[in-house]
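Count residues from 1 along the sequence.
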Amino acid sequence: MTMPIVSPIFSGKTAEFLVSAMSSIVFLFLDFLDILLCVFFKIVDEIFEGNDGPCYCHNRGEGRAGAIDKRGSEVSETLYGRENVFREMGSVRFPRKSEGFVKNGGGNGIVGNRWSDCGCESCVSWMSIGDQRLHVVVKEPSEDVISPVEEAGGIAIEFVFPLVALEVAYVVVLVRFTDAFGSDCSSRPTENVIFLHGFLSSSLIWTEMVFPNLSEPTKRNYRLFAVDLLGFGRSPKPRDCLYTLRDHLEMVEKSVINAFQLSSFHLVAHSMGCIVAVALAAKHSKSVKSITLLAPPYFLSPKDGASLAALKGLADRKLWPPLLFGSAVMAWYEHLGRGVCFLFCRNHRAWEWILKLLTRRRDLHFMFTDMTRHTHHSAWHTMHNVICGGAKSMDEFLEALRDSKAKIHVIQGAQDHVIPVECSSNIKMKVPQAEVEIIANADHNTIILNRKREFTQNLERIWASTAVC
């Protein structure tokens, strides 16, 4: 008996149709679930906070949009332009009790946590500081391995302590001594490097992976600044802030460039941090010495549709692969995302305790703890207003860097499933002088984590290449 032969083309189209149909059903259900959660959170917000929480389920021009429109193009259209069948049908209309959510958009006011946010000491410690600044880890240059200080019997001590005056949480400082003849051994000029992390990350990716692997010459001649961006890690997470690109930019300037009076610096950034780094470099093009971008999210698209193109490029509504599906759920569904943050971020101490118990480890990997060190408000708005909204300005920033002949180095893993690899090629097309390196067998995070020594040595070569003899 002869078995029928099924055409590979036919079977491929059938599988594609089934996946597409399944995706439509799943996301239709998620559309409905997000609307239900919208109703739920409004009721509970009213009970716990005395007013219904503002959201983006209304079209622009309604609800809180009047206050937000003052920020103009800084607010991404993806906040209102996300597709939802039930919202488009006009099924959701709520009486508004709280119109003016955003007063200034700059995050200058201190507003208490929402009931759905974590209230532990580490998550709210920033509220006790009056003049809000970012958490910055600063590693000062060290002395020579064999220095006049040591020959004279001096002792160099490196330690970490709170620096209240500069409003940064922890600073690594080297105690300096003079030699037997009273000369200062720290008079040599130093280079400055600012490190910016990616989405749902913190300065720990640099202090754990890069700082311990620096060579002795670099330790002696470079001052390093690892920043927790606004809304992440140990930095402030104000509720009266829209977390626009300008908000992030101004806080880095206030907390690092202005606070330490930097006249020149190198930039190193990963993923979302690349957008902030490119904006910072374009604004300070005369001060920036080199820009190293790891997996930068840059899509070639018309300015008018750049934000939506970035959203679909990074978090398209698909079931497969699972990482893309997870990104789609968190990026397209405001209230589902808040529910996930309520379960995991608000209860992060319990989850960390359970994981320590299961793994029998006293300390968890920093990438796990970093994923919960934010509020839904800070992560949601940064996702849309920086990653998506920033896409509208990337062409302008990159053109400025092209014209200034800035040294740009782009590094990305060939197996990156978070940021499409062609994003790096796009930067090369926009800025011909940019150097692009694609690392085989590396993905979005292992480009740093699995090759920390090699990566650090590469950074040192990039910084050294800008030295003026």
Side-chain angles (χ1 to χ4, degrees), residues 126 129 131-142 158-174 176 186 188-198 201-215 217-236 247-281 283-294 366 370 407 409 448 452 455-456 459-460 462-464 466:
W126 61 271
I129 303 174
D131 183 19
Q132 295 302 308
R133 302 198 185 196
L134 301 179
H135 171 90
V136 181
V137 178
V138 183
K139 190 172 190 340
E140 292 285 353
S142 62
E158 188 173 320
F159 62 100
V160 178
F161 74 107
L163 187 60
V164 179
L166 290 175
E167 302 298 340
V168 293
Y170 292 96
V171 180
V172 177
V173 177
L174 184 78
R176 300 191 183 280
S186 60
R188 65 171 63 88
T190 60
E191 299 276 352
N192 302 299
V193 186
I194 302 175
F195 292 84
L196 304 176
H197 62 79
S201 186
S202 79
S203 56
L204 289 173
I205 193 170
W206 310 116
T207 59
E208 295 288 327
M209 297 291 105
V210 175
F211 287 17
N213 293 290
L214 294 168
S215 65
T218 299
K219 290 179 181 179
R220 292 193 301 268
N221 298 303
Y222 287 81
R223 182 167 55 164
L224 311 177
F225 301 86
V227 179
D228 281 1
L229 290 172
L230 184 66
F232 299 92
R234 297 187 181 183
S235 283
D247 292 329
H248 284 277
L249 197 66
E250 289 177 349
M251 285 298 282
V252 174
E253 290 175 322
K254 175 182 178 181
S255 306
V256 183
I257 296 178
N258 297 336
F260 293 89
Q261 300 180 348
L262 304 187
S263 59
S264 66
F265 52 87
H266 301 267
L267 284 168
V268 180
H270 179 226
S271 194
M272 177 201 76
C274 294
I275 300 175
V276 181
V278 168
L280 195 67
K283 185 175 180 180
H284 298 270
S285 58
K286 293 182 179 180
S287 299
V288 68
K289 304 191 72 172
S290 73
I291 309 115
T292 304
L293 306 176
L294 308 172
F366 68 87
D370 277 351
K407 280 185 169 291
H409 301 261
I448 302 174
K452 50 191 177 184
F455 171 71
T456 303
L459 284 181
E460 292 177 330
I462 291 171
W463 301 336
T466 66

### Task
Please find out if less than 6.0 Å separates the ring center of Trp206 from that of Phe211.
no
### Message
Ring centroids only, cut at 6.0 angstrom: are Phe225 and Phe260 within range, meaning strictly under it?
### Response
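Yes.
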Distance, nearest 0.5 Å, that separates [atom1] of [X] from [atom2] of [Y]:
X: His284; Y: Phe265; atom1: NE2; atom2: CZ; result: 5.5 Å
X: Cys274; Y: Leu294; atom1: SG; atom2: CG; result: 6.0 Å
X: Met251; Y: Leu230; atom1: CE; atom2: CG; result: 5.5 Å
X: Ile205; Y: Leu196; atom1: CD1; atom2: CG; result: 12.0 Å
X: Leu224; Y: Thr207; atom1: CG; atom2: OG1; result: 11.0 Å
X: His270; Y: Thr292; atom1: NE2; atom2: OG1; result: 13.0 Å

### Task
Test side-chain contact (heavy atoms from CB on, under 4.5 Å) on Glu460 and Ser215 and set out the steps.
CA-CA 8 Å; Glu460 292 177 330; Ser215 65; 2.9 Å; yes
### Query
Is a side-chain N or O of Ser202 found less than 3.5 angstrom from the main chain of Asp370, in a donor-acceptor match?
no
### Main-chain N/O of Val252 paired to Ser255 side chain as donor or acceptor, under 3.5 Å
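Side chain of Ser255 to backbone of Val252: no pair is present.
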### No-hydrogen, no-angle side-chain donor-acceptor test under 3.5 Å, His135 and Ser235
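No, no side-chain donor-acceptor contact under 3.5 Å.
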#### Entry: Test item: side-chain donor near acceptor, Asp228 and Ser203, under 3.5 Å
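Distance-only check passes for Asp228 and Ser203.
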### Task
Please determine if Arg223 and Glu191 form a salt bridge, counting it only when a charged side-chain N lies under 4.0 Å from a carboxylate O.
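No, this pair does not count.
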### Message
For a side-chain contact (heavy atoms from CB on, under 4.5 Å) check, start with the C-alpha distance between Ile257 and Ile194, then their side-chain angles and the critical distance, and finish with the verdict.
### Response
CA-CA 9 Å; Ile257 296 178; Ile194 302 175; 4.0 Å; yes
### Message
Let's go through Glu253 and Leu280 carefully: what are the C-alpha distance in whole Å and the side-chain angles of both, what is the deciding distance for side-chain contact (heavy atoms from CB on, under 4.5 Å) to 0.1 Å, and is it a yes or a no?
### Response
CA-CA 8 Å; Glu253 290 175 322; Leu280 195 67; 3.9 Å; yes
### Contacts of Lys452 that satisfy salt bridge (Lys or Arg N to Asp or Glu O under 4.0 Å) - sequence neighbours left out
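Residues passing salt bridge (Lys or Arg N to Asp or Glu O under 4.0 Å) with Lys452: none at all.
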### Note, Asp131 side chain near Lys254 side chain (heavy atom, < 4.5 Å)
yes
### Query
Are the side chains of Trp463 and Thr218 in touch, meaning some heavy atoms are under 4.5 Å apart?
yes
### Criterion side-chain contact (heavy atoms from CB on, under 4.5 Å) on Asn221 and Thr190, from CA distance to verdict
CA-CA 5 Å; Asn221 298 303; Thr190 60; 5.8 Å; no
Shortest non-hydrogen separation from [X] to [Y] and the atoms involved:
X: His197; Y: Leu229; answer: NE2-N, 2.9 Å
X: Trp126; Y: Gln132; answer: O-NE2, 3.2 Å
X: Pro141; Y: Arg220; answer: CB-O, 3.2 Å
X: His266; Y: Ser290; answer: ND1-OG, 2.7 Å
X: Asn192; Y: Ser264; answer: ND2-O, 3.1 Å
X: Val193; Y: Val268; answer: CG1-CG2, 3.9 Å

